[in-house]
Visitor: 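Can you keep this structure in mind? I'll have questions shortly.
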Amino acid sequence: MLIDTHAHLQDPAFNRDRKEILERAEAAGLEKIICIGYDYETSAEAVQLARQFPEVYAVVGVHPHDAKTLSTEVLAQLYDLARDPRVVAIGETGLDYYRNLSSPEEQRKAFKEQIKLAHELYKPLVIHDRDAHQEVLDIIKKEKAGKNEGIMHCYSGHLPLAVELMKEGFYISFAGPLTFKNAKKTQEVAARVALERILIETDCPYLTPEPFRGKRNEPALVVHTARKLAELRHKTEEEIAYITSQNARRIYRIKD
């Protein structure tokens, strides 16, 4: 059985066939899907889906793109949402200096506030990092962001950074880009990072793996990322499914 550790099931791209998508996920061998919020509204929707479907769990937080929306009021609302037992982590938070849809200052402030929230609630942290590797690591170390462990979602850094992040308590998650022919750096990391710290995800509806690149992504397609990881690690697909699912259950503290 597989676990998609990072999906956006509440995305409007799934409004017409969400139930069928969950059925296809089950048929593909998925036992759990973690639905990630990126602002207050989508976090609330993630919780609603987790309450509705037993295979879905929620993560609540504000993405760096939306960091400017993280007011004191929104932070209090996230705190209330995060107390729901179906919420297994805080995020996705972090830094994204590729688009800068919120200013670097706003992103840093929102990142630190959500680290504090994770500390208060004893929950792991889901981190988004794009073009900000060193600063993300510096904040993680200074703020002790890995106190309750966490996940570096859709990892795009190099191996030495992954090693440093694991020392800080983080798991390394790989998405569809692992299957891309030009993803040599990511494939090198996936081939060498500690197996007990590896996760797989879709980030759907984005980052669709080969051979479906360019089409809408969905949880069932995480099997292609698992297959590529199995190839890189010289393991069977069943072994990779077991290892990554056990890792996901451990970091998200899923018991059922």
Side-chain angles (χ1 to χ4, degrees), residues 1-8 25 28-36 59 89 91-92 94 96 98 124-133 136-137 140 146 149-213 217-252:
M1 301 295 284
L2 293 158
I3 295 180
D4 182 355
T5 62
H6 195 113
H8 299 290
L30 273 78
E31 57 172 332
K32 305 291 179 189
I33 301 168
I34 315 301
C35 185
I36 314 287
V59 172
E92 62 185 286
D96 190 316
Y98 179 72
L125 200 66
V126 176
I127 293 182
H128 171 105
D129 165 23
R130 190 169 187 189
D131 289 0
H133 298 326
V136 165
L137 180 61
I140 284 172
E149 298 190 307
I151 296 167
M152 297 303 300
H153 132 74
C154 192
Y155 190 72
S156 60
H158 49 58
L159 184 62
L161 176 63
V163 171
E164 285 296 308
L165 290 164
M166 287 188 292
K167 288 178 184 176
E168 295 297 319
F170 282 82
Y171 287 63
I172 309 299
S173 184
F174 297 97
L178 185 68
T179 68
F180 298 171
K181 291 179 180 178
N182 62 349
K184 300 304 181 187
K185 179 177 72 173
T186 303
Q187 290 170 4
E188 179 192 4
V189 176
R192 297 177 62 187
V193 76
L195 269 175
E196 64 270 18
R197 287 278 167 166
I198 289 181
L199 301 169
I200 53 175
E201 61 169 280
T202 57
D203 198 23
C204 64
Y206 315 107
L207 303 181
T208 312
E210 297 288 0
F212 299 98
R213 192 174 181 181
N217 200 4
E218 62 177 82
L221 299 183
V222 79
V223 298
H224 297 281
T225 302
R227 188 170 297 149
K228 184 63 180 181
L229 184 57
E231 174 192 321
L232 292 167
R233 300 305 299 239
H234 306 291
K235 300 282 186 183
T236 66
E237 291 178 40
E238 290 77 16
E239 287 173 318
I240 288 298
Y242 178 79
I243 290 166
T244 58
S245 293
Q246 289 298 103
N247 292 347
R249 286 179 168 276
R250 188 165 59 249
I251 180 60
Y252 282 130

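Residue numbers start at 1 and run along the sequence shown.
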Visitor: Just jot down the side-chain contact (heavy atoms from CB on, under 4.5 Å) partners of Ala241, sequence neighbours excluded, or say none.
Guide: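 In terms of side-chain contact (heavy atoms from CB on, under 4.5 Å), with neighbours along the sequence ignored, Ala241 is linked to Leu2.
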
Visitor: Return the set of residues passing salt bridge (Lys or Arg N to Asp or Glu O under 4.0 Å) with Glu196 (not counting sequence neighbours), or none when no residue passes.
Guide: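 Salt bridge (Lys or Arg N to Asp or Glu O under 4.0 Å) list for Glu196, sorted by chain: empty.
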
Visitor: Going by side-chain hydrogen bond (donor to acceptor under 3.5 Å, both in side chains), name the residues that satisfy it together with Glu239, two or more places apart in sequence or in a different chain.
Guide: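 Checked Glu239 against side-chain hydrogen bond (donor to acceptor under 3.5 Å, both in side chains); matches are Thr236.
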
Visitor: Which residues pass the side-chain hydrogen bond (donor to acceptor under 3.5 Å, both in side chains) test with Tyr252, not counting sequence neighbours?
Guide: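 By the side-chain hydrogen bond (donor to acceptor under 3.5 Å, both in side chains) rule, Tyr252 matches no residue at all.
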
Visitor: Distance from His153 atom NE2 to His128 atom NE2, nearest 0.5 Å?
Guide: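 His153 NE2 to His128 NE2: 6.0 Å, rounded to 0.5 Å.
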
Visitor: Applying side-chain contact (heavy atoms from CB on, under 4.5 Å), name anything that partners Glu31, two or more places apart in sequence or on another chain.
Guide: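 Scan of Glu31 (side-chain contact (heavy atoms from CB on, under 4.5 Å), adjacent residues dropped) gives Met1, Ile3, Ser245, Arg249.
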
Visitor: Please tell me whether Asp4 and Thr202 have a donor and an acceptor in their side chains that are separated by less than 3.5 angstrom.
Guide: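 Thr202 and Asp4 do have a side-chain donor-acceptor pair below 3.5 Å.
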
Visitor: Go through the structure and list residues passing side-chain hydrogen bond (donor to acceptor under 3.5 Å, both in side chains) with Asn247, not counting sequence neighbours.
Guide: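 Asn247 satisfies side-chain hydrogen bond (donor to acceptor under 3.5 Å, both in side chains) with Arg250 only.
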
Visitor: Identify, with sequence neighbours excluded, every residue that meets side-chain hydrogen bond (donor to acceptor under 3.5 Å, both in side chains) alongside Glu218.
Guide: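 Once residues adjacent in sequence are excluded, the partners of Glu218 under the side-chain hydrogen bond (donor to acceptor under 3.5 Å, both in side chains) criterion are Arg24.
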
Visitor: Supply the atom-to-atom distance Leu125 CG to Ile251 CD1, rounded to the nearest 0.5 angstrom.
Guide: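 Those atoms lie 9.5 Å apart.
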
Visitor: Taking ring pair (Phe, Tyr, Trp, His ring centres under 6.0 Å) as the test, write out the residues that go with Tyr242, two or more places apart.
Guide: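 Tyr242 satisfies ring pair (Phe, Tyr, Trp, His ring centres under 6.0 Å) with no residue once adjacent residues are dropped.
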
Visitor: Do the side chains of Pro177 and Thr186 get nearer than 4.5 Å, heavy atoms only?
Guide: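 No. Closest side-chain heavy atoms not under 4.5 Å.
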
Visitor: Give, for atom CG of Asp203 and atom OG1 of Thr208, the distance between the pair rounded to the nearest 0.5 Å.
Guide: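 It is 9.5 Å, given to the nearest 0.5 Å.
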
Visitor: Please round to the nearest 0.5 Å and tell me the distance separating atom CD1 of Ile200 and atom NZ of Lys228.
Guide: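 Spacing of CD1 (Ile200) from NZ (Lys228) equals 14.5 Å.
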
Visitor: What salt bridge (charged side-chain N to carboxylate O under 4.0 Å, His left out) pairs are there with at least one residue in residues 165-185, not counting sequence neighbours?
Guide: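 Non-adjacent pairs meeting salt bridge (charged side-chain N to carboxylate O under 4.0 Å, His left out): Glu164-Lys167.
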
Visitor: Could I get the full list of side-chain contact (heavy atoms from CB on, under 4.5 Å) partners for Glu210, not counting sequence neighbours?
Guide: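 Per chain and number, Glu210 pairs via side-chain contact (heavy atoms from CB on, under 4.5 Å) with Thr179, Phe180, Arg213.
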
Visitor: Do Ile243 and Arg233 have side chains that approach each other closer than 4.5 Å (heavy atoms only, starting at C-beta)?
Guide: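 Not in contact.
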
Visitor: Give, for atom SG of Cys154 and atom CG of Leu207, the distance between the pair rounded to the nearest 0.5 Å.
Guide: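 The CG atom of Leu207 is 5.0 Å from SG of Cys154, to the nearest 0.5 Å.
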
Visitor: Are Met152 and Ile140 close enough that some pair of their side-chain heavy atoms sits under 4.5 Å apart?
Guide: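 They are in contact (side-chain heavy atoms under 4.5 Å apart), so the answer is yes.
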
Visitor: Could you tell me which residues satisfy ring pair (Phe, Tyr, Trp, His ring centres under 6.0 Å) with His133, sequence neighbours excluded, listed by chain and number?
Guide: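 Not a single residue meets the ring pair (Phe, Tyr, Trp, His ring centres under 6.0 Å) criterion with His133.
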
Visitor: State whether the side chain of Glu149 and the backbone N or O of Tyr171 hold a donor-acceptor pair below 3.5 Å, judged by distance alone.
Guide: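 No; judged by distance alone, with no hydrogens or angles, the pair does not exist.
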
Visitor: Taking C-beta and beyond as the side chain, do Leu229 and Leu178 meet within less than 4.5 Å on heavy atoms?
Guide: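 Yes, side chains in contact.
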
Visitor: Could you check whether any side-chain N or O of His6 sits under 3.5 Å from a backbone N or O of Ile34, counting only pairs where one atom can act as donor and the other as acceptor?
Guide: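 Looks like no, no N/O pair under 3.5 Å.
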
Visitor: So, taking the atom named OG1 in Thr244 and the one named CD in Glu201, what distance separates them when rounded to the nearest 0.5 Å?
Guide: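 So the gap between those two atoms works out to 11.5 Å.
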
Visitor: Taking Tyr155 for its side chain and Ala162 for its backbone only, find out whether a donor-acceptor pair lies under 3.5 Å.
Guide: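 At least one qualifying donor-acceptor pair exists.
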
Visitor: How would you list, by chain and number, every residue that makes a side-chain contact (heavy atoms from CB on, under 4.5 Å) with Glu188, sequence neighbours excluded?
Guide: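 So Glu188 forms a side-chain contact (heavy atoms from CB on, under 4.5 Å) with Arg192.
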
Visitor: Are any of the side-chain heavy atoms of Asp129 and Ser156 separated by less than 4.5 Å?
Guide: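 A side-chain contact is absent here, since even the closest heavy-atom pair is not under 4.5 Å.
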
